[in-house]
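Below is one structure, written out as C-alpha cells, with a few remarks after it.
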Amino acid sequence: MITGKTKLYGLFAHPAQHSLSPMMHNLAFKYHGIDARYMAFDVAPEAVTAALSAIRTLDLGGVNLSMPLKERVLPQLDWVAENAQLIGAVNTIKNDHGFLRGYNTDGLGLLQALPQTSGLEGKQLLIFGAGGAAKAAAVEAALNGVRQITIVNRHTGPNSRGQQLVTTLQQVSGVAVELLALADLSRLKAAMATADIVVNATGLGMGAHLGESPVPDKSYFTAQMIAFEMIYAPAESKFLQQARQAGVQQSFNGLPMLIQQGAAAFEIWTSQAMPIELVKNKLNND
Ligand code: NAP
C-alpha cells in the first residue's frame with residue numbers, strides 16, 4: 001500500500017518507458033517489505049538540472065540515470081565516487097538529506113556477472129568498444145586487479161573515444177593498456193588468442209546492427225576464454241553464436257550485467273541485497 005511515508009525512487013532517462021528497472025526495484029522493495037516505489041521518468045537532456053533539483057525538492061530517495069544523462073549530471077552533484085569520476089558518468093544517485101551522491105554501478109554489474117570463481121587478478125581482458133559501457137567495464141576491471149586490457153575500437157585516432165579511454169586507463173596504476181583498430185585483423189587475432197575474457201561493448205549485434213559482430217568469424221575465439229556480450233536482446237547475438245560455435249564453454253549475454261548493476265544501486269540506497277533469483281525468474285517468465 002502507498003502511504004504518506006512511501007519513499008519514491010526512479011529512473012531518469014530519455015526514452016525511459018522500455019526500462020526493466022521499475023520491475024526489478026519494485027520487486028525488491030516488496031520482497032524486503034520496504035515502503036518505497038520506483039517509477040520511470042522521461043527526462044529530456046535540457047531538463048536534467050530541473051530534474052536533479054526535483055530530487056531535493058520532492059525528497060526522492062535516489063535515482064538511476066540512463067542514456068543520455070549519465071555524463072551531464074556529473075558537475076551538478078555534491079559528491080562523486082572515484083570510479084564514476086574516472087568513467088566520467090554516473091548511473092546512480094543517492095539523496096542524503098539534500099546532499100546528492102553519484103555512483104557508477106555499470107562496470108561493477110559486469111564484474112559481478114562474471115563467474116566469481118575465475119577472479120580478475122592477473123587476467124587479460126579484451127573489450128570491443130570504447131563508449132560509456134566499455135569505459136565503465138574497463139575502469140572497474142583496472143581497479144580490480146586485471147593485468148592487461150586491450151581496447152579494440154572502430155575509431156582509434158588522437159581524439160577518438162578509443163584513445164581517450166586508453167588515456168583514462170593509464171591513470172589507473174598497474175594495468176597494461178593496448179589500443180587496436182577493429183580493422184587490424186592480424187593484431188586482433190593475436191590479442192584474442194591470449195585473452196582470458198572478451199567483452200562486446202559495441203552496439204554490433206542489436207537494432208540496426210542485428211546479425212553483426214565485431215569479430216570476423218568463430219576462428220578468433222578460443223574454447224577456454226570467457227565471452228561476454230553486453231547486449232541482452234536478442235538473447236544470443238551473432239558474437240555469442242560465434243563463441244558457441246567455437247566451443248567457448250563460458251559465455252554470457254547482458255542480462256546478468258543489467259540485473260547486477262541494478263542490484264548494486266539497490267544496495268547503495270537500502271543497504272539490502274536485491275533478490276537476484278526472484279528478479280531473474282520474473283524476467284525469464286515475462
Ligand atoms: P556508446 O557510448 O554509444 O558506444 C558505442 C561503441 O560502439 C563505441 O565504441 C563505437 O565506436 C562502437 N560502434 C558503434 N557503432 C559501430 C559500428 N557500426 N561498427 C563498429 N563499432 C561501432 O554505447 P554504450 O552505452 O557504451 O553501449 C554499448 C553497448 O552496450 C550497447 O549494445 C548497449 O545496449 C550495451 N549496454 C548494456 C548494458 C547492460 O547492462 N547489459 C549496460 C550498458 C550498455 P566509435 O567510438 O568508433 O564510434
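Note that ligands are numbered from 1 as they come in the structure, with each ligand's atoms numbered from 1 the same way. Keep in mind the model is a prediction, meaning the values are calculated, not measured. Throughout, residue positions are numbered sequentially from 1 according to the sequence presented.
Of the candidates Thr202, Leu258, Ile127, Thr156, the one placing a heavy atom closest to atom 40 (O) of ligand 1 is Leu258. Of the listed residues (Arg161, Glu71, His155), the one carrying the non-hydrogen atom nearest atom 47 (O) of ligand 1 is His155. Considering only non-hydrogen atoms, atom 6 (C) of ligand 1 lies nearest to Ala201 out of Ala201, Gly132, Gly107.
In this structure, CG on Leu258 lies 12.0 Å from CG on Leu110, to the nearest 0.5 angstrom.
Contacts between Glu212 and ligand 1 below 4.0 angstrom, taking non-hydrogen atoms only, are absent altogether. For Lys135, no heavy-atom contact with ligand 1 is shorter than 4.0 Å.
The presence of a protein heavy atom under 4.0 Å from atom 15 (N) of ligand 1 is confirmed. Distance remark: protein heavy atom not present below 4.0 angstrom from atom 33 (C) of ligand 1.
By the 3.5 Å distance cut-off applied to N or O atoms, Asn153 is counted among the residues near ligand 1. Residue Gly254 has at least one N or O atom closer than 3.5 Å to an N or O atom of ligand 1. The shortest N or O to N or O distance between Ala130 and ligand 1 is under 3.5 Å.
Using a 4.0 Å cut-off between charged side-chain N and carboxylate O, Glu121 and Arg147 make no salt bridge. A salt bridge links Arg56 with Asp78: the distance from a Lys NZ or Arg NE/NH1/NH2 to an Asp or Glu carboxylate oxygen falls below 4.0 Å. The existence of a salt bridge linking Asp106 and Lys135 is excluded, since no basic side-chain nitrogen approaches an acidic carboxylate oxygen closer than 4.0 Å.
If you check the side chains of Thr49 and Gln76, you find a donor sitting under 3.5 Å from an acceptor.
The protein atom (non-hydrogen) at minimum distance from atom 36 (N) of ligand 1 is Met230 CB, 4.1 Å. The protein heavy-atom contact nearest to atom 44 (C) of ligand 1 is Ala133 CB, 3.5 Å.
In this structure, Trp269 is a member of the same hydrophobic cluster as Leu20, with clusters built from ILVMFWY side-chain heavy atoms closer than 4.5 Å.
Using a 4.0 Å heavy-atom cutoff, Gly109 is absent from the residues neighbouring ligand 1. Within the 4.0 Å heavy-atom cutoff, Asp106 does not count among the residues contacting ligand 1.
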Next item on the list: Could you go through the salt bridge (charged side-chain N to carboxylate O under 4.0 Å, His left out) check for Asp96 and Arg101 one step at a time?
Entry: CA-CA 7 Å; Asp96 247 346; Arg101 296 179 188 273; 2.7 Å; yes
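Taking the six-membered ring wherever Trp is involved, the centroid distance between the rings of Tyr31 and Phe266 does not fall below 6.0 Å.
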